[in-house]
Student: 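My structure is below; once you've seen it, I'll send some questions.
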Protein chains: 2
Amino acid sequence: MSDLRQQILVTAKILLIKHGYHGLSMRQIAEAVGVSKAALYYHFKDKEELLLAILVAYLDEIEAVIDQVRAEGGDSRQQVLLLIENVLSQPAEKRALIRLSSQEMAQLSVPARATFDRAYHEKFIDKIRGLLRAGMDQGELRSMDPDVATWTLLGMMYPYFYPAHTADVPPPADVAEQLASIYLDGMASR
Amino acid sequence: MSDLRQQILVTAKILLIKHGYHGLSMRQIAEAVGVSKAALYYHFKDKEELLLAILVAYLDEIEAVIDQVRAEGGDSRQQVLLLIENVLSQPAEKRALIRLSSQEMAQLSVPARATFDRAYHEKFIDKIRGLLRAGMDQGELRSMDPDVATWTLLGMMYPYFYPAHTADVPPPADVAEQLASIYLDGMASR
DNA sequence: CCTACCGATCGGTAGG
DNA sequence: CCTACCGATCGGTAGG
């Protein structure tokens, strides 16, 4: 992986967060990096491949966060708290990327969307669902549709993936506590 | 309000949901309506004003839904259930617009964003927060930061504002029940 | 003079 | 990786 490729990814990621896929031009990226537009096309087949590289690289980071939470042990309820804390304490830029993943998916071509969707579920959704399902099996969480449980947890964090809420800093730690408290009480086994 | 203006709004709304702001051209809208591009510019100063008109018109619909829920009475916990049921049973197109509102806000110019932001809070966020705060004052909901309570409720519904989840039909009624159950148990007074 | 458009084209920029 | 371009399309506006 060349230095320039890395530099392109870093710069393009920042611009993508600010402008979205269609609002961002290859010309713009090239100028920000300080290279010609052709240089971008040397490293990435087209605009879509560049977007995909940014998003998939980020999915790897998310996966690492989730794996770390699961490895740190504790029961599933502690893991949910830890997950919320870890996700919300990410820098605003990283949280924005989670939102962009689902948001810009619709802009992808059919094959690219299929590729991304697979990684999105494998590295992100399925991992969280696995954590929650384990908690249900252990009787630590109430038994319900694991998909609804997963998307509810993600959804609760979603507002903090928008710039409007973040003001470019992570939300205070007590927001994570409040979210965890609502979710865990709502998901308590009965 | 002329017929053509209405027709433009209806058509542009559908295209906006599919393509997003930057992915949608005035040309495309004009062709879909069956008029010239100049006709669009007769009714709307520019592309941004058209987007704004679509979103603000939809905020009025949301406001009506919330007002209706509050008018139907019942305690705040019943109103939360009713709100979730009503929002999730909206057609996929309407739910997609809620997501677009927050999503495309970032693409607006500074003055346009200020205008929209005011309407967004007045007709949507503040109404829900008012409902929840009333519930807290009555002791029907646990006392906590009303903003966190509001965004948690909205966030839980967010996944169902994405096409990936909706498959163009409303989620089954028991999803609304499950969401309400998690939220209301998590928000139960203690 | 008006409202409600039209066909054609402007200067720039898109992805490649 | 660059310079020099392309076919097409972008948002917006001219005169009538």
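Quick note on labels: first sequence line is chain A, next is B, and so on, each numbered from 1. No experiment lies behind these values; they were computed from the predicted model shown. Excluded from the calculations below are hydrogen atoms, water molecules and symmetry mates; all remaining heavy atoms, backbone and side chain alike, are included.
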Student: Using whole Å, what does the distance between atom P of nucleotide C:dG15 and atom NZ of A:Lys45 come to?
Tutor: 14 Å
Student: Would A:Arg99 pass as a cation-pi partner of A:Tyr158, given that its NZ or CZ must be under 6.0 Å from the six-membered ring centre and within 45 degrees of the axis?
Tutor: no
Student: Atom CG in B:Leu154, atom CZ in B:Phe124: separation rounded to 0.5 Å?
Tutor: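 CZ of B:Phe124 is found 4.5 Å from CG of B:Leu154.
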Student: Identify which nucleotide among C:dC6, D:dC2, D:dC1 has an atom closest to any side-chain atom of A:Leu4, counting heavy atoms from C-beta outward.
Tutor: D:dC1
Student: Looking only at the side chains, is there a donor atom on one of A:Ser181 and A:Glu177 sitting less than 3.5 Å from an acceptor on the other?
Tutor: no
Student: By a strict heavy-atom criterion of less than 4.0 Å, which residues belonging to residues 107-117 of chain B are in contact with DNA chain D?
Tutor: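 Per residue number, the list is empty: none.
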Student: Whole angstroms only, please: what is the OH-P distance between B:Tyr41 and D:dG11?
Tutor: 6 Å
Student: Measure CD1/A:Ile29 against P/C:dG15 and give the value in whole Å, please.
Tutor: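 Whole-Å distance recorded here is 8 Å.
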Student: Considering only D:dG11, D:dT13, C:dC5, which nucleotide approaches the side chain of B:Tyr42 most closely?
Tutor: C:dC5
Student: Can you find an N or O donor on one side and an acceptor on the other, under 3.5 Å apart, linking the side chain of A:Lys47 with the base of C:dG16?
Tutor: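 Counting by modelled atom types and ignoring angles, no donor-acceptor contact under 3.5 Å is found here.
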Student: How far, in whole Å, is C:dA4 from D:dG16 if one measures between their P atoms?
Tutor: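 About 22 Å, rounded to a whole number of Å.
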Student: Kindly state which residues belonging to residues 12-26 of chain A come within less than 4.0 angstrom of DNA chain C, counting heavy atoms of the residue only, listed by number.
Tutor: A:Leu24, A:Ser25, A:Met26
Student: Output the pairing pattern of DNA chain D as a dot-bracket string, 5' first, Watson-Crick or G-U wobble with both distances under 3.5 Å, | for cross-strand pairs, [ ] for crossing pairs.
Tutor: ....||.|..|.|.|.
Student: Think A:Lys13 forms a cation-pi with A:Tyr58, using NZ or CZ under 6.0 Å from the six-ring centre and within 45 degrees of its axis?
Tutor: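 Judged by the rule (NZ or CZ under 6.0 Å from the ring centre, within 45° of its axis), A:Lys13 is not positioned above A:Tyr58.
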Student: Is the distance from OP1 or OP2 of D:dT9 to the nearest side-chain N or O of B:Arg27 less than 4.0 Å?
Tutor: no
Student: If you measure from the C1' atom in D:dG15 to the same atom in C:dC5, how many Å do you get, rounded?
Tutor: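 Looking at atom C1' only, D:dG15 and C:dC5 are 13 Å apart.
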